[in-house]
Student: 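Below is one structure. I have some questions about it.
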Amino acid sequence: MIPRQQRAYIFQAFDALKGFRELLREKERIVVEKRELSEDDLEMLDQQIHEVQQGDIIKIIYYDGKEYIQKTGMLTKIDLEVRYIQIVKEKIDLDRIVEIEIEEKACEE
């Protein structure tokens, strides 16, 4: 009879594409040059943030603490009081965003 620990090892998940998921995540990240926003840029950014709606496909550039990242995806939530925007499952602080662009508007019913 096989000990319980060895039986569990036999049924342990096997990742045939080890490292592939990490490679895909890295591929999603596009590093862009650092930007300094003027008062006009900040005003335009604020206007754009107020125009986006849940379900829109948006492209943003934000600072993640080390570098500027470009991300495109569906806007799943925006909270102006708490000051964050959520693209799919990733929450991004509004104060870190330097550019936002609507790629595709959500279908309105």
Side-chain angles (χ1 to χ4, degrees):
M1 185 170 211
I2 299 174
R4 179 183 287 248
Q5 190 173 17
Q6 285 183 333
R7 278 189 287 161
Y9 183 74
I10 292 170
F11 295 104
Q12 186 176 20
F14 175 70
D15 188 1
L17 300 173
K18 188 173 185 167
F20 185 68
R21 287 187 184 94
E22 290 81 17
L23 183 62
L24 285 177
R25 268 189 239 113
E26 247 339 278
K27 199 79 162 139
E28 288 178 348
R29 297 172 66 97
I30 301 170
V31 180
V32 296
E33 293 180 25
K34 185 175 181 177
R35 301 177 185 197
E36 295 297 325
L37 298 178
S38 66
E39 289 297 318
D40 291 338
D41 292 335
L42 289 170
E43 189 175 311
M44 191 167 77
L45 181 62
D46 185 57
Q47 180 182 354
Q48 290 169 330
I49 287 171
H50 283 83
E51 289 176 4
V52 296
Q53 297 176 347
Q54 189 171 335
D56 289 350
I57 304 296
I58 62 171
K59 176 175 76 174
I60 65 169
I61 297 175
Y62 67 98
Y63 185 68
D64 75 347
K66 294 181 268 178
E67 58 197 4
Y68 285 85
I69 304 298
Q70 176 180 309
K71 184 162 185 82
T72 303
M74 181 180 286
L75 175 63
T76 53
K77 188 169 186 181
I78 184 165
D79 189 327
L80 298 175
E81 288 183 28
V82 182
R83 301 203 45 79
Y84 79 87
I85 196 168
Q86 185 171 328
I87 297 179
V88 187
K89 293 183 179 181
E90 184 176 352
K91 289 183 179 180
I92 300 161
D93 188 342
L94 288 177
D95 297 327
R96 294 177 178 257
I97 297 174
V98 295
E99 187 176 312
I100 188 167
E101 183 179 322
I102 299 173
E103 298 277 310
E104 185 179 322
K105 289 295 283 176
C107 296
E108 295 182 21
E109 297 178 22

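Numbering starts at 1 and runs along the sequence shown. Computed from heavy atoms alone, side chains included, the values below leave out hydrogens, waters and symmetry copies.
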Student: Nearest 0.5 Å please: distance from the CD atom of Gln48 over to the CG atom of Asp41.
Tutor: 9.5 Å
Student: What heavy-atom pair brings Asp93 and Arg83 nearest, and what distance separates the two atoms?
Tutor: OD1-O, 3.2 Å
Student: Could you measure the distance from the CD1 atom of Ile61 to the CD atom of Gln70? Nearest 0.5 Å is fine.
Tutor: 5.0 Å
Student: Using every non-hydrogen atom in the two residues, find where Ile102 and Glu51 come nearest and quote the distance to one decimal.
Tutor: CD1-O, 4.3 Å
Student: Same cluster or not: Ile57 versus Ile60, using hydrophobic residues (I, L, V, M, F, W, Y) connected whenever any side-chain heavy atoms lie under 4.5 Å apart?
Tutor: no
Student: By side chain to side chain contact (heavy atoms under 4.5 Å, CB included), which residues pair with Leu42, not counting sequence neighbours?
Tutor: Leu37, Glu39
Student: So which atom in Leu45 and which in Ile97 form the shortest heavy-atom distance, rounded to 0.1 Å?
Tutor: CD2-O, 3.1 Å
Student: Given a cutoff of under 4.5 Å between side-chain heavy atoms of I, L, V, M, F, W and Y, with clusters grown through shared members, what are the other residues clustered with Val82?
Tutor: Tyr84
Student: Nearest 0.5 Å, please: how far is CD1 in Ile58 from CD in Glu99?
Tutor: 11.5 Å
Student: Among Lys71, Glu67, Glu90, which residue satisfies the side chain to side chain donor-acceptor pair (under 3.5 Å) criterion with Tyr62?
Tutor: Glu90
Student: For the residue pair Ala106 and Gly55, what are the closest heavy atoms and their distance?
Tutor: CB-C, 3.5 Å
Student: With clusters defined by side-chain heavy atoms of hydrophobic residues (ILVMFWY) lying less than 4.5 Å apart, directly or transitively, does Ile85 cluster with Met74?
Tutor: no
Student: Minimum heavy-atom separation for Gln86 to Leu75, with atom names?
Tutor: O-CD1, 3.4 Å
Student: I'd like to check Leu94 versus Leu80 (side-chain heavy atoms, cut-off strictly below 4.5 Å). Are they in contact?
Tutor: yes
Student: Can you check whether Val88's main-chain N or O pairs, donor with acceptor, with Thr76's side chain at less than 3.5 Å?
Tutor: yes
Student: Answer yes or no: does atom CD of Glu101 have more than 12 heavy-atom neighbours from other residues, nucleotides or ligands under 6.0 Å?
Tutor: yes
Student: Please give me the minimum heavy-atom distance between Ile49 and Ile78, naming the atom from each residue.
Tutor: O-CD1, 3.7 Å
